[in-house]
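Read the structure below first, then the notes.
Numbering of residues begins at 1 and proceeds along the displayed sequence. FYI, side chains are in, hydrogens and waters are out, and symmetry mates aren't considered; it's all heavy atoms of this structure.
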Amino acid sequence: MKNNLYYQDEEIQESFRPKMLWRLLKSAGKHKNLLVGSILIELFLSFLSLVPSLLFSVIVGRVFPVNGALPQHYLSAAALCLGAFAVFLAINPISSYLEYLIPAKFGQRVCSEVRSEIFNRITSLSFRYFDTHTTGKILVRVTNYVDELSELFTDLFFIFLFFLNVIAFGLVWTFVLDPRVGAAVLLGFIPLAVAMAVLSKAIHRRAGKDRNKNSNYTAFVTENINGAEVVRAYNRGRLNGEISERLFDEYASAFMRTTRVREAFFPLAHGFSNAICTLIVYGVSLALILSGWGGGIALGTVVAIASILGEVTGSVGFLCENISKFSTLTTNIERIYDTIDTPAEITEHSNARTLSDCKGDVCFDKVNFAYQEGIPVLKNFTLSVNAGETVALVGATGSGKTTIVNLLSRFYDVTEGSVKIDGTDVRDYTLRSLREGVGAMMQDTYIFSGTVMENIRFSCPEATDEACVQAAKVACADAFIARLPEGYQTQISENYALSGGERQLLSFARLILADPKIIVLDEATGHVDTQTEKEVQNSLKRLLFGRTSFVIAHRLSTIREADKIVFIREGEIAEQGTHEELLQRNGEYAKMIRSAAV
């Protein structure tokens, strides 16, 4: 999988197809009552919109004088028409209110389904996906694109339904009034339909490009926010500002290319339909009157058809305008389903077993692994660890130490070979039980928004307050927590002013609370001061007793008491043994010790 950086346009795996819209409609089917209610209200309102034109045709034919004489029962017809107008004026505001209320509720429910679906997919994707996609480009799909998509079901879907019904009812009524004029009008709309299809495709292509540029700009802004300290430390503000301007200019240019086509859509369609209807209605009517073919055509019929087609052409114009919006939104649908349909690389077998009563025997058997194809990280890596042993992984930066423990937790799957716990391949365990059995404490600790207590409880949501406090005490975190403004109830987040050491102590408390059988410590005390480290080391001894553990560290104090030290060089085991054994061999580990690299 290729990396997609902020200056690279995204590649969509599958272009928009009608089946994607069908998938959205299937999601909408979960809210049938709101869907049916929205459709019925639009059908009713589309018919209601033609009522004035229909009543006007009755007035022209049954109330106005014909050849200088008033029609029979013209007063009754006038009274009925006025009464119908009064009913129309009373019903229309109420119906219009419901037209906005019901579809809006329906649209938000559908978007809630889409938000949940894309969020759940993201949380199930492997780390490889996040390695190859920038945070900003992921965020814009989950937030902006889904928010914009809400317009489809809140407005556009029902606007289409409303205007299509107006057009359909209007053309049917035109055929009823005079089939000859109706047929001519229908033929006149064919070139308009072709033009609309061509323009829709053009808008979709251009909208896809401006979505890419918007995504690039968002990704760059996100990187600068996350790396604000580094940006300022190296005086990158002005240079990054220039890059930002260039990216925004690219987005603005792409947006304007889309806008030039989109904004031409409405006047072209509206003007074309008006011209067609005017020319056809009056031209055909004049020809029928002059030729007398089929008995000519009555003036009242001409006026009624012209009035009805006025509603139709207005609907055609608005329909064209919203088709352009829909063509833009199809690019959102592409990108949303591109994420939802991304296959999860780390999955469970249908018959996966639970890792229960874990003893802690671990075996890496001829493991090969690469983050990127052709760049191996581990090569034929074989290592056996007995239950209860502490193994220290040492070696140069980039030698593959962290990769080893990532494979143990199945954050990634091996390319070749296997990783086994208690004789069973980790791929045969359920992910939940595997990660409950293997607890990891990484060098970089993430602080979630919430209280200190909630951050400790993150690893075990059902834990009591007392258990969280006890875990903090064992982790030597209780002292600094007591100094916080509200102690364990202090609201903290990733941006809260906690030192690196305090963050690690919170992470240590999480690990203790989780109580895993196999423990991974990746530079777990790298940010802790010497005095606190001694206290933590004592706690670690108690925690690691009887548990299998993997320790990645550069401090001699952390690794010298390990049961086994494994020195890794370029993804392979160079040597292994106890601290004393490796010093006696005078190999690479001994050289590293003498050079004070640890």
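- Side-chain atoms of Arg435 come within 3.5 Å of backbone N or O of Arg410 as a donor-acceptor pair.
- Judged purely by distance below 3.5 Å, without hydrogens or angles, the side chains of Ser433 and Thr430 pair a donor atom with an acceptor atom.
- Considering only heavy atoms from C-beta on, Asp422 comes within 4.5 Å of Tyr429 through its side chain.
- Checked by atom type and distance alone, the side chain of Asn368 pairs as donor or acceptor with a backbone atom of Asn380 at under 3.5 Å.
- In this structure a side-chain-to-backbone donor-acceptor pair under 3.5 Å is missing from Asp210 to Tyr251.
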Next on the checklist: Checking Glu436 against Arg432 for the salt bridge (charged side-chain N to carboxylate O under 4.0 Å, His left out) test, could you report, in this order, the C-alpha distance in whole Å, the side-chain angles of both residues, the deciding distance, and whether it holds?
Outcome noted: CA-CA 6 Å; Glu436 286 176 349; Arg432 183 179 182 85; 3.4 Å; yes
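- To the nearest 0.5 Å, the span separating OG on Ser215 from CZ on Arg141 amounts to 7.0 Å.
- Side-chain contact of Arg335 with Asn212: a donor-acceptor pair under 3.5 Å is present, judged by distance alone.
- Using a 3.5 Å distance cut-off with no hydrogens or angles, the side chains of Thr402 and Asp522 do pair a donor with an acceptor.
- Rounding to the nearest 0.5 Å places CD1 of Ile404 at 12.5 Å from OG of Ser409.
- Two residues are said to be in side-chain contact when any heavy atoms from C-beta on lie closer than 4.5 Å; Asn216 and Lys213 meet this criterion.
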Next on the checklist: Show, in sequence, the C-alpha distance, side-chain angles and deciding distance for His349 and Asp428, and conclude whether the side-chain contact (heavy atoms from CB on, under 4.5 Å) test is met.
Outcome noted: CA-CA 7 Å; His349 297 303; Asp428 294 329; 3.3 Å; yes
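- Taking every heavy atom of both residues into account, Val438 and Pro516 meet most closely at C-CB, 4.1 Å.
- Using a distance-only test at 3.5 Å, with no hydrogens or angles considered, a donor-acceptor pair links the side chain of Arg121 to the main chain of Ile340.
- The two residues Ser384 and Cys363 come nearest to each other via the heavy atoms OG-SG, 3.9 Å.
- Remark: the Tyr412 side chain and the Asp131 side chain contain an N/O donor-acceptor pair separated by less than 3.5 Å.
- Heavy-atom neighbours of Phe130 CZ from other residues, nucleotides or ligands within 6.0 Å: above the threshold of 12.
- For the pair Leu149 and Val110, the minimum side-chain heavy-atom distance is 4.5 Å or more.
- No more than 12 heavy atoms of other residues, nucleotides or ligands sit less than 6.0 Å from atom CZ of Phe248.
- Residue Asn455 holds its CG atom at 7.5 Å from CZ of Phe448, rounded to the nearest 0.5 Å.
- Checked by atom type and distance alone, the side chain of Glu502 pairs as donor or acceptor with a backbone atom of Ser499 at under 3.5 Å.
- Considering CG of Asp338 and CD1 of Ile336, their distance stands at 10.5 Å, rounded to 0.5 Å.
- Side-chain contact between Asn120 and Ile122: absent, with no pair of heavy atoms (C-beta onward) separated by less than 4.5 Å.
- The two atoms that bring Leu355 and Leu434 nearest to each other are CD2-CA, 4.1 Å, heavy atoms only.
- Checked for salt-bridge contact, Asp361 and Lys359 miss the test: no charged N lies under 4.0 Å from a carboxylate O.
- In summary, the aromatic rings of Phe381 and Phe369 are positioned with their centroids too far apart to meet the 6.0 Å limit.
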Next on the checklist: salt bridge (charged side-chain N to carboxylate O under 4.0 Å, His left out), that's the test. Do Arg23 and Asp341 meet it? Break it down for me.
Outcome noted: CA-CA 12 Å; Arg23 285 176 65 179; Asp341 293 338; 2.9 Å; yes
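- Put simply, the side chain of Thr451 never gets that close to the backbone of Gln489: no donor and acceptor are under 3.5 Å apart.
- In summary, Glu494 and Arg503 engage in a salt bridge, as defined by a charged side-chain N under 4.0 Å from a carboxylate O.
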Checklist entry - Are Arg211 and Glu148 close enough, and set up right, to give a salt bridge (charged side-chain N to carboxylate O under 4.0 Å, His left out), and what steps lead you there? => result CA-CA 12 Å; Arg211 284 292 186 267; Glu148 290 174 11; 2.7 Å; yes
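- Heavy atoms of other residues, nucleotides or ligands lying less than 6.0 angstrom from CZ of Phe458 number 12 at most.
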Checklist entry - side-chain contact (heavy atoms from CB on, under 4.5 Å) between Lys379 and Glu570: does it pass, once the steps are laid out? => result CA-CA 8 Å; Lys379 295 171 283 187; Glu570 296 181 355; 4.2 Å; yes
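- Phe364 has its side chain out of reach of Leu378: every pair of non-hydrogen atoms, C-beta onward, lies at least 4.5 Å apart.
- Lys401 and Gly395 get closest at one heavy-atom pair: NZ-O, 3.2 Å.
- Between Ser549 and Thr390, the side chains place a donor N or O and an acceptor N or O closer than 3.5 Å (distance only, hydrogens not considered).
- Proximity of a side-chain donor or acceptor of Lys517 to a complementary backbone N or O of Arg547 within less than 3.5 Å is not detected.
- In this structure, the side chain of Ser116 engages the main chain of Ser112 through a donor-acceptor pair within 3.5 Å.
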Checklist entry - Does the side-chain contact (heavy atoms from CB on, under 4.5 Å) test come out yes or no for Val140 and Tyr145, once each step is laid out? => result CA-CA 6 Å; Val140 78; Tyr145 292 167; 4.1 Å; yes
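- Aromatic rings from Tyr129 and Phe127 are positioned such that their centres are separated by 6.0 Å or more.
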Checklist entry - Between Ile421 and Leu408, is a side-chain contact (heavy atoms from CB on, under 4.5 Å) present by the stated rule, with each step listed? => result CA-CA 9 Å; Ile421 295 178; Leu408 182 62; 3.9 Å; yes
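- Using a 3.5 Å distance cut-off with no hydrogens or angles, the side chains of Asp478 and Tyr488 do pair a donor with an acceptor.
- From Gln108, atom CD reaches atom CD of Glu113 across 12.5 Å, with rounding to the nearest 0.5 Å.
- Between the side chain of Ser399 and the backbone N or O of Ala396 there is at least one donor-acceptor pair closer than 3.5 Å.
- Residues Ala219 and Thr134 share a closest heavy-atom pair of CB-OG1, 3.3 Å.
- Smallest separation of non-hydrogen atoms from Ile346 and Ser126: CG1-CB, 3.8 Å.
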Checklist entry - Does the pair Glu416 and Lys366 meet the rule for a salt bridge (charged side-chain N to carboxylate O under 4.0 Å, His left out), with working shown? => result CA-CA 7 Å; Glu416 293 178 357; Lys366 298 178 181 179; over 6 Å; no
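- Taken from CD in Gln576 to NZ in Lys564, the straight-line distance is 5.0 Å, to the nearest 0.5 Å.
- Residues Thr218 and Lys137 have side chains not in contact (no heavy-atom distance under 4.5 Å, counting atoms from C-beta outward).
- At least one side-chain heavy atom of Leu484 sits under 4.5 Å from a side-chain heavy atom of Tyr496.
- Checked by atom type and distance alone, the side chain of Arg128 pairs as donor or acceptor with a backbone atom of Tyr371 at under 3.5 Å.
- The shortest distance between side-chain heavy atoms of Val362 and Phe550 falls below 4.5 Å.
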